[in-house]
Number of protein chains: 2
Amino acid sequence: MAHVSISDAEWQVMNVVWEGQPLTSQEIVAQLADQADWAAATIKTMLHRLVKKKVLTFEQQGNRYVYRSCVRRADCVKQASRSFLQRVFESEPAPLLAHFMQTTKLSAEEIADLRRILDKKEAQK
Amino acid sequence: MAHVSISDAEWQVMNVVWEGQPLTSQEIVAQLADQADWAAATIKTMLHRLVKKKVLTFEQQGNRYVYRSCVRRADCVKQASRSFLQRVFESEPAPLLAHFMQTTKLSAEEIADLRRILDKKEAQK
DNA sequence: TGTAAATAACTACAAGTGTAAACGTTGTCA
DNA sequence: TGACAACGTTTACACTTGTAGTTATTTACA
């Protein structure tokens, strides 16, 4: 689980896998067809690399592979988030939060939810 | 301003520059001494690459260079943030915000500030 | 004014990335 | 059972990145 590093393009693949696993490579290729303009071979290469990195495993079924992630998305999100916070916001969460609040669209419910999280956070002090 | 891509290590250098510019390379090296364990030559290489990428400019003063950024930090932050949001949170800001709220420490004032931002955001609807 | 010290430029090199073609193997339909 | 299609494997290649040594140039002190 240590220092797995998932590249930009690989994240795109992993997002598909985490959402629909287990998936065959054809299914993955199909899912990605809208999002990215990759040759099937390109996606196969990435699957291969992800297996080598121990981020994915596969089971063979006939001549096709069925892929499954072997790291939890939440763990990868946590790791990537920490590194982003460090790199771009020099480990200061408040400006990061302010930035995203100000530059993105949020529905009324989402705002309410976020407020609730802040409430809870404050209560915990 | 388009698609400048600043790497991980380069961000560390740029953070120093943005904070103290204009700076000579020795000053940059000195600043980074605490943060990273890089040989001076390594930092010079990065400065060089950043100049080539048009992220930095320099002025020659005698035999030393004085560096200045030629892209605004805010622009780079915006770009990196958008790309992170896309990659890791599939362009959904609310989960991103929830994640960082829940996994980081925030002071009472910071929480208050964030609430204020949410208030304003809601009022704008 | 020559030589040492400082500084920037050039060169290096392995690992990772994006991108994909070529190849070999296996399954399937005629 | 033979040929084609489907699928995974291997090979490829240029670019980026992290990391730093080597070289050339400039300055400054003796």
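No hydrogens, no waters, no symmetry mates; every other heavy atom, side chains included, goes into these values.
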Given atom [atom1] of [X] and atom [atom2] of [N], what is their separation to the nearest angstrom?
{"X": "A:Y65", "N": "D:dT9", "atom1": "OH", "atom2": "C1'", "answer": "8 Å"}
{"X": "A:E10", "N": "D:dT16", "atom1": "CD", "atom2": "P", "answer": "18 Å"}
{"X": "A:M46", "N": "D:dC7", "atom1": "CE", "atom2": "P", "answer": "18 Å"}
{"X": "B:L47", "N": "D:dG18", "atom1": "CG", "atom2": "P", "answer": "13 Å"}
{"X": "A:R49", "N": "D:dA12", "atom1": "CZ", "atom2": "P", "answer": "14 Å"}
{"X": "A:K52", "N": "D:dT9", "atom1": "NZ", "atom2": "C1'", "answer": "12 Å"}
{"X": "B:W38", "N": "D:dT17", "atom1": "CH2", "atom2": "P", "answer": "13 Å"}
{"X": "B:D8", "N": "D:dG18", "atom1": "CG", "atom2": "P", "answer": "6 Å"}

Please determine if a side-chain N or O atom of A:S25 lies less than 4.0 Å away from the OP1 or OP2 oxygen of D:dC7. no

Calculate, to the nearest 0.5 Å, the distance between atoms CZ and CE belonging to A:R87 and B:M14 respectively.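 Here the rounded value is 14.0 Å.
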
Quick check for you: to the nearest 0.5 Å, what is the distance between B:S25 atom OG and B:H48 atom NE2? 12.0 Å

Toward the 5' end of DNA chain C, which comes first, A:G62 or A:S7, by nearest nucleotide? A:S7

Kindly determine whether A:T45 and A:R49 satisfy side chain to side chain contact (heavy atoms under 4.5 Å, CB included), including the steps that lead there. CA-CA 6 Å; A:T45 299; A:R49 287 180 184 166; 3.8 Å; yes

Would you say B:N15 and B:R73 make side-chain contact, with heavy atoms under 4.5 Å? yes

Flag side-chain contact, heavy atom, 4.5 Å: B:E10 against B:V55: no

Ignoring the backbone of A:R64, work out which of D:dG18, D:dA12, D:dA6 is nearest its side chain. D:dA6

B:S5 has its side chain closest, among D:dG18, D:dA20, D:dT17, to D:dT17

Classify [X] by what it touches in the nucleic acid, base, sugar-phosphate, or nothing, heavy-atom distance under 4.0 Å.
{"X": "B:Q26", "result": "sugar-phosphate"}
{"X": "B:A41", "result": "base"}
{"X": "A:T42", "result": "base"}
{"X": "B:K53", "result": "sugar-phosphate"}

Of all nucleotides in DNA chain C with an atom under 4.0 Å from a non-hydrogen atom of chain A, which is the first and which the last going 5' to 3'?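 From 5' to 3', the first and last contacting nucleotides are C:dT17 to C:dG27.
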
Taking the nucleotide of DNA chain D with the closest heavy atom to each, which residue, A:T45 or A:N63, is nearer the 5' end? A:N63

Flag the pair A:R116 and A:D113 as a salt bridge only when some basic side-chain nitrogen lies within less than 4.0 angstrom of an acidic carboxylate oxygen. yes

Pair A:C76-A:I6, side chain to side chain contact (heavy atoms under 4.5 Å, CB included): steps then yes or no: CA-CA 8 Å; A:C76 294; A:I6 298 176; 3.7 Å; yes

